[in-house]
Amino acid sequence: MDPQYRPEIIEPLAQRHWQEKQSFRAVEGPQRPKYYCLSMFPYPSGKLHMGHVRNYTIGDVLARYHRMKGYNVLQPMGWDAFGLPAENAAMQNGVPPAKWTYDNIAYMKGQLQRLGFAIDWSREVTTCRPEYYKWNQWLFLRMLERGLAYQKTGVVNWDPVDQTVLANEQVIDGRGWRTGALVEKREIPMYYLAITRYAEELLAELDELPGWPGRVKTMQANWIGKSFGVEIHFSLTERHEPGGEVLKVFTTRADTLFGVTYLAVAPEHPLALAAAETNPDIAAFIAACHKGGVTEAELATQEKHGMDTGRKAWHPFTNAPLPIWVANYVLMGYGEGAVMAVPAHDERDFAFARKYGLPIKPVIKPAEGELALPLQAAYTEPGILFDSGDFSGRSSADAIEKIALVLKNLGLGDKRVTWRLRDWGISRQRYWGCPIPLIHCEDCGVVPVPDEALPVVLPEDCVPDGSGNPLARRDDFVRCTCPKCGRPARRETDTMDTFVDSSWYYARYCSADNPHAMVDARADYWMPVDQYIGGIEHAILHLLYSRFWSKVMRDLGLVRYDEPFGRLLTQGMVLNHIFSRRTEQGGLVYFAPDEVEVTSDDKGRIVAARAKADGQPVDYQGIGTMSKSKRNGIDPQALIDRYGADTARLFMMFAAPPEQTLEWSDSAVEGAHRFLRRLWRMVYEHVILGVVSAYSGGELTPELQALRRALHETLQKVTDDIERRQQFNTAIAAVMELTNHLGRVEGIDALTRSVRQEALELVVLMLSPIVPHICRALYGELRPGACLMQASWPEADPNALTREAMELVLQVNGKLRGRLTVAVEATREAIEAAALASPEVQRFMGGRPAKKVVVVPGRLVNVVV
RNA sequence: GCGCGGGUGGCGGAAUUGGUAGACGCACCGGACUUAAAAUCCGGAACCUUCGGGUGUACGGGUUCGAUUCCCGUCCCGCGCACCA
């Protein structure tokens with residue numbers, strides 16, 4: 001055995017072995033239970049980043065652990081290969097997105113292989129390949145047939161200089177990122193998928209996902225946003241006639257109806273548009289609302305503006321005339337695009353009423369106490385109605401029911417359910433995506449591409465230039481014949497949202513090689529995914545779209561599952577130090593951590609930093625997510641080259657629990673490597689004395705008995721940490737603690753060596769899902785001729801776990817005052833008596849009588865005086 | 001702005017169901033080995049202290065025999081907000 005740990009030798013050896021033996025090839029078979037372990041596939045941006053290493057290490061640990069537990073494990077990998085960065089790179093280097101993407105894939109695949117992940121590469125899926133996206137198109141056509149896909153207009157960011165649609169990411173401070181032009185909103189025709197038809201099921205089935213983190217389910221539920229409210233019709237004529245003109249609003253707070261002092265409609269509302277036709281001021285206001293981008297964050301944080309349309313509506317109960325305003329804070333996409341404004345009981349309405357001098361009329365007071373008048377802020381809690389006609393004195397909940405009932409009888413409204421969720425707009429005016437399979441014919445209108453003509457293949461040699469979609473300029477793509485009438489027609493040039501690609505890739509892994517069907521019976525075997533791992537940033541959109549897509553496939557009879565992902569682990573981001581410097585022009589330049597020399601105080605805190613290049617000071621900005629713009633990313637390749645894959649994997653798993661953010665630290669990497677070296681030497685020093693078999697029974701010294709107990713307790717803890725808790729950092733800490741213990745046990749007699757053999761074998765097995773290369777080598781040394789790939793996950797020996805005595809904590813008034821060793825079978829009374837008699841307790845009782853004695857079995861005794 | 005998380009020594013973190021706060025690791029300090037250094041090994045340490053003890057888990061309050069953990073409020077940080085993936 002090599003006395004030195006040499007990852008550069010043992011890692012390629014292990015990887016070659018796995019490749020030659022096809023160790024991770026997954027084959028369907030009913031003999032063993034299946035375990036489908038899936039990590040979110042990467043976007044091929046160029047090279048792996050630390051987030052990938054973290055994500056795929058977590059997945060690999062779970063895959064390898066379950067493999068040892070006897071499961072038939074599938075761990076596939078693929079590429080989310082369409083997307084905007086490829087077009088940006090093309091603009092920069094003049095290389096077609098296809099070439100850039102395929103080159104990146106080749107490089108990153110090599111990096112993944114170098115990390116030793118137990119991946120079945122025979123199922124690799126690449127979303128920009130026609131054999132994959134053909135099925136996007138095919139399913140889109142099925143959805144079109146069922147009315148689940150349809151056309152309507154949607155609002156996009158428009159760059160007036162480049163004459164192009166911008167992604168939200170390309171709008172910076174309200175301006176186009178390349179032109180600097182103020183961005184405008186523009187309505188264009190788009191295709192939508194009717195995800196709202198599945199809203200009820202998407203919401204209800206969150207309860208059927210016990211393996212999902214609560215926070216993800218809460219976020220999804222809030223996103224879907226089912227709210228029970230009342231639709232109220234405000235008459236647009238003073239005397240309301242049945243069937244007369246009304247303005248419909250939706251509210252969850254019908255109890256505040258008597259507090260309405262004005263109505264507000266969105267700038268896109270028909271009423272606003274009608275007013276604009278006769279009033280140039282309103283037209284100008286609406287035009288002003290069209291400035292700026294379309295994100296909800298931008299809309300919600302902008303200053304609230306409004307303008308009186310001059311029109312009035314009449315209150316359904318009091319018949320009071322109410323002014324109708326156009327307001328930029330009313331969203332056309334939610335409810336009716338109009339709200340009844342109750343400044344006294346809604347914060348936004350309150351701010352708006354203050355600004356424009358509109359009346360504020362309180363009608364709800366707390367159940368106990370009074371409202372402090374005049375109101376300094378909106379009172380938004382439910383309470384008791386007053387100044388509300390016949391409804392005064394009722395509670396909010398009661399009033400909502402009654403008001404809805406009366407409105408219904410008057411024909412002026414009814415209870416209604418509203419969703420926050422909107423249908424999914426999938427059209428993108430971009431080149432590097434899956435073509436939408438439609439044809440525009442002057443005579444026949446929009447005609448679907450027939451199934452036999454699929455896939456509509458995207459030409460791979462275009463180079464976008466930042467203005468418009470280059471596909472539109474490709475005659476060979478655009479010109480086609482109408483499948484209906486056979487006359488010349490134009491092909492749709494919009495492509496699909498890349499979320500479409502990622503909404504079903506997990507099912508395609510199961511039947512990746514089938515050219516005739518989207519999925520086949522093998523999906524019935526593997527699906528649903530047992531364990532899904534990916535970034536928390538995907539908590540809503542990707543996961544919700546995938547759930548929706550699954551249900552559509554199910555309803556088409558393609559798959560049998562309702563939910564695609566059984567258990568979900570959302571990993572945290574990877575962070576690093578940020579260094580920057582103000583330029584003379586007032587700009588900010590960032591320095592990569594390896595370009596900076598840091599001065600720390602005697603406690604190790606960073607107090608100063610200077611650039612290596614010029615020796616001048618730079619500012620330390622603290623810690624933040626690794627990003628290109630802040631230049632604080634660390635290339636995992638450097639880490640792997642220097643320390644090997646196992647060190648990279650160990651550091652990632654040890655530095656933080658998987659769900660939390662992880663801070664990069666050079667010295668912690670060093671520490672992980674040091675542990676592996678220590679482990680190597682420990683095994684080396686043991687095996688050079690000759691081969692022994694692991695302890696299998698016989699009388700032990702107390703020291704060896706304690707070691708075996710620690711060993712098997714650690715095994716129990718590590719098993720629980722990996723399988724149930726998925727807290728790999730504490731599993732590693734427990735093994736480290738055990739190796740520290742093992743290192744303190746001396747002696748080379750046969751008995752000691754047999755226990756040491758047992759301990760080292762178990763340590764190697766326990767660590768093998770995390771650091772598989774070194775463990776493969778060490779296992780071969782400990783048991784010559786044996787192969788780790790054939791080893792099972794060990795089980796704790798119950799005989800090693802027995803104990804006769806245990807230690808309890810003694811407290812007086814909740815403060816730790818001493819310890820007490822008692823027999824395991826000691827009764828509560830005996831423990832209480834022994835505790836009261838102990839000198840520590842006596843001392844702190846100070847002669848006072850015990851008021852109460854709390855005995856927590858196995859833990860502590862608390863004496864209250 | 002809205003939704004969801006998080007905040008514990010010098011640092012990353014541990015404390016799993018309300019029961020010993022600080023496991024494990026990093027950095028630091030001291031010692032051993034060495035001509036020396038690196039590597040390695042051993043030991044120390046939350047803070048204050050009159051050495052009895054006291055204080056301490058972002059901040060302020062509450063519930064409890066007992067709160068890092070539960071409740072209310074405040075501050076700060078992160079993620080998402082529908083065309084980044």
Side-chain angles (χ1 to χ4, degrees), chain A residues 40 42-43 45 80 82-85 154 156-157 165-171 213-216 218-219 221-223 225 294-302 329 333 347-348 420-422 424-430 497-499 502 535-542 544-545 570 572-573 575 600-606 622-625 654-657 659-663 665-672 674-675 677-678 681 717 720-721 724-725 727 729-730 732-737 740 743 807-811 813-816 819 851-854 856 858-860 862-864:
Chain A
M40 289 183 186
Y43 177 77
S45 55
D80 188 12
F82 275 136
L84 205 49
V156 293
N157 304 304
V165 175
L166 296 179
N168 285 335
E169 187 193 49
Q170 299 170 317
V171 179
R215 61 173 161 160
V216 174
T218 309
M219 279 191 267
N222 290 339
W223 183 264
V294 299
T295 68
E296 198 183 294
E298 190 176 337
L299 296 174
T301 48
Q302 71 192 355
Y329 72 91
E347 274 164 28
R348 286 177 310 177
R420 208 187 76 96
L421 182 68
R422 307 196 296 259
W424 174 12
I426 57 155
S427 298
R428 298 290 180 270
Q429 298 68 45
R430 263 181 249 304
D497 181 2
T498 54
F499 273 124
S502 56
I536 182 64
E537 67 274 18
H538 296 291
I540 297 177
L541 291 178
H542 162 62
L544 192 63
Y545 290 146
T570 48
M573 310 283 247
L575 316 179
S600 306
D601 64 11
D602 56 355
K603 304 266 193 181
R605 268 177 302 209
I606 295 176
I623 239 150
T625 52
F654 182 58
E659 307 236 61
Q660 282 183 39
T661 54
L662 181 150
E663 283 180 32
S665 157
D666 286 318
S667 48
V669 171
E670 195 80 49
R674 194 178 303 157
F675 173 72
R677 276 205 309 259
R678 204 153 45 213
R681 206 185 46 248
K717 173 166 175 58
D720 187 51
D721 277 351
R724 181 181 63 86
R725 300 180 69 211
Q727 295 271 310
N729 57 325
T730 50
I732 295 164
V735 176
M736 286 177 170
E737 218 173 337
N740 290 343
E807 193 175 65
L808 296 183
V809 160
L810 297 178
Q811 293 182 337
N813 285 344
K815 284 202 168 80
L816 175 70
R819 284 160 212 283
K851 226 190 276 176
K852 184 173 177 183
V853 181
V854 181
V856 182
R859 288 207 184 264
L860 57 73
N862 186 16
V863 180
V864 186

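Per chain, numbering begins at 1; letters A, B, ... match sequence-line order.
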Within less than 4.0 Å of OP1 or OP2 of [N], is there a side-chain N or O belonging to [X]?
X: A:Gln727; N: B:A14; value: yes
X: A:Gln811; N: B:C65; value: no
X: A:Arg724; N: B:U16; value: no
X: A:Arg681; N: B:C41; value: yes
X: A:Asn729; N: B:C24; value: no
X: A:Arg725; N: B:A15; value: yes
X: A:Ser665; N: B:C26; value: no
X: A:Asn740; N: B:G25; value: yes
X: A:Arg674; N: B:C26; value: yes
X: A:Arg428; N: B:C83; value: yes

At under 4.0 Å between heavy atoms, what does [X] touch on the DNA or RNA strands: base, sugar-phosphate, or nothing?
X: A:Pro657; result: sugar-phosphate
X: A:Val864; result: sugar-phosphate
X: A:Phe654; result: base
X: A:Ser45; result: nothing
X: A:Asp80; result: sugar-phosphate
X: A:Trp424; result: nothing
X: A:Val853; result: nothing
X: A:Thr301; result: base
X: A:Ala539; result: nothing
X: A:Gly572; result: nothing
X: A:Arg422; result: base
X: A:Leu421; result: base
X: A:Lys851; result: nothing

As a test of reading the structure: which of [options] is closest to the side chain of [X], going by heavy atoms?
X: A:Ala167; options: B:G1, B:C84, B:G19; answer: B:C84
X: A:Leu860; options: B:A82, B:U20, B:A85; answer: B:U20
X: A:Ala733; options: B:A23, B:C84, B:G19; answer: B:A23
X: A:Lys815; options: B:G54, B:C4, B:C65; answer: B:G54
X: A:Phe499; options: B:C65, B:C24, B:A85; answer: B:A85
X: A:Gln429; options: B:A82, B:C83, B:C65; answer: B:C83
X: A:Leu541; options: B:G1, B:C83, B:A85; answer: B:A85
X: A:Leu84; options: B:C65, B:G25, B:C84; answer: B:C84
X: A:Ser667; options: B:G19, B:U20, B:A27; answer: B:A27
X: A:Met573; options: B:C65, B:A85, B:C79; answer: B:C79

Would you kindly check whether a donor in the side chain of [X] faces an acceptor in the base of [N], or vice versa, at under 3.5 angstrom?
X: A:Asn168; N: B:C83; answer: no
X: A:Arg819; N: B:U20; answer: yes
X: A:Glu670; N: B:C26; answer: no

Determine whether a donor-acceptor pair (N or O, by modelled atom type, separation under 3.5 Å) exists between the side chain of [X] and the backbone of [Y].
X: A:Asn157; Y: A:Val294; result: yes
X: A:Arg428; Y: A:Asp497; result: no
X: A:Gln660; Y: A:Pro657; result: no

Rounded to whole angstrom, note down the [atom1] distance from [N] over to [M].
N: B:G22; M: B:U68; atom1: P; answer: 12 Å
N: B:A27; M: B:G12; atom1: P; answer: 15 Å
N: B:U20; M: B:C65; atom1: C1'; answer: 16 Å
N: B:U55; M: B:G61; atom1: P; answer: 15 Å
N: B:C29; M: B:G78; atom1: P; answer: 33 Å

> Taking syn as any angle within 90 degrees of 0 and anti as the rest, which one fits B:G52?
Replying inline: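 Syn conformation here, the glycosidic angle of B:G52 being no more than 90° from 0.
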>> Apply the syn/anti split at 90° from 0 to B:G9 and say which one it is.
In response: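 In terms of base orientation relative to the sugar, B:G9 is syn.
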Nucleotide opposite [N] in a Watson-Crick or G-U pair, distances under 3.5 Å:
N: B:G52; result: none
N: B:C59; result: B:G73
N: B:G1; result: B:C81
N: B:U40; result: B:A32

>> Which is more 5' along RNA chain B, the nucleotide nearest A:Gly83 or the one nearest A:Arg348? Just name the residue.
In response: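 In this pair, the answer is A:Arg348.
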> Of A:Asp721 and A:Gly743, whose closest RNA chain B nucleotide lies nearer the 5' terminus?
Replying inline: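 Result of the comparison: A:Asp721.
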Measure [atom1]/[X] against [atom2]/[N] and give the value in whole Å, please.
X: A:Leu662; N: B:G78; atom1: CG; atom2: C1'; value: 14 Å
X: A:Ile536; N: B:G5; atom1: CD1; atom2: P; value: 10 Å
X: A:His538; N: B:C79; atom1: NE2; atom2: P; value: 13 Å

>> Would you compute the distance between atom CD1 of A:Ile540 and atom OH of A:Tyr545 and round it to the nearest 0.5 angstrom?
In response: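 Going from the CD1 atom of A:Ile540 to the OH atom of A:Tyr545 covers 10.5 Å.
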> Nearest 0.5 Å, what's the CG-OH distance between A:Leu84 and A:Tyr43?
Replying inline: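 Rounded to the nearest 0.5 Å, the CG-OH separation comes out at 7.5 Å.
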> Between A:Ser502 and A:Asp80, do the side chains contain an N or O donor and an N or O acceptor separated by less than 3.5 Å?
Replying inline: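 No, because no side-chain N or O of A:Ser502 sits under 3.5 Å from a partner of the opposite role on A:Asp80.
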>> Looking at A:Arg215 and A:Glu659, is there a salt bridge between them, counting it only when a charged N and a carboxylate O are closer than 4.0 Å?
In response: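 Looking at A:Arg215 together with A:Glu659, the answer is yes, because their closest N to O distance falls below 4.0 Å.
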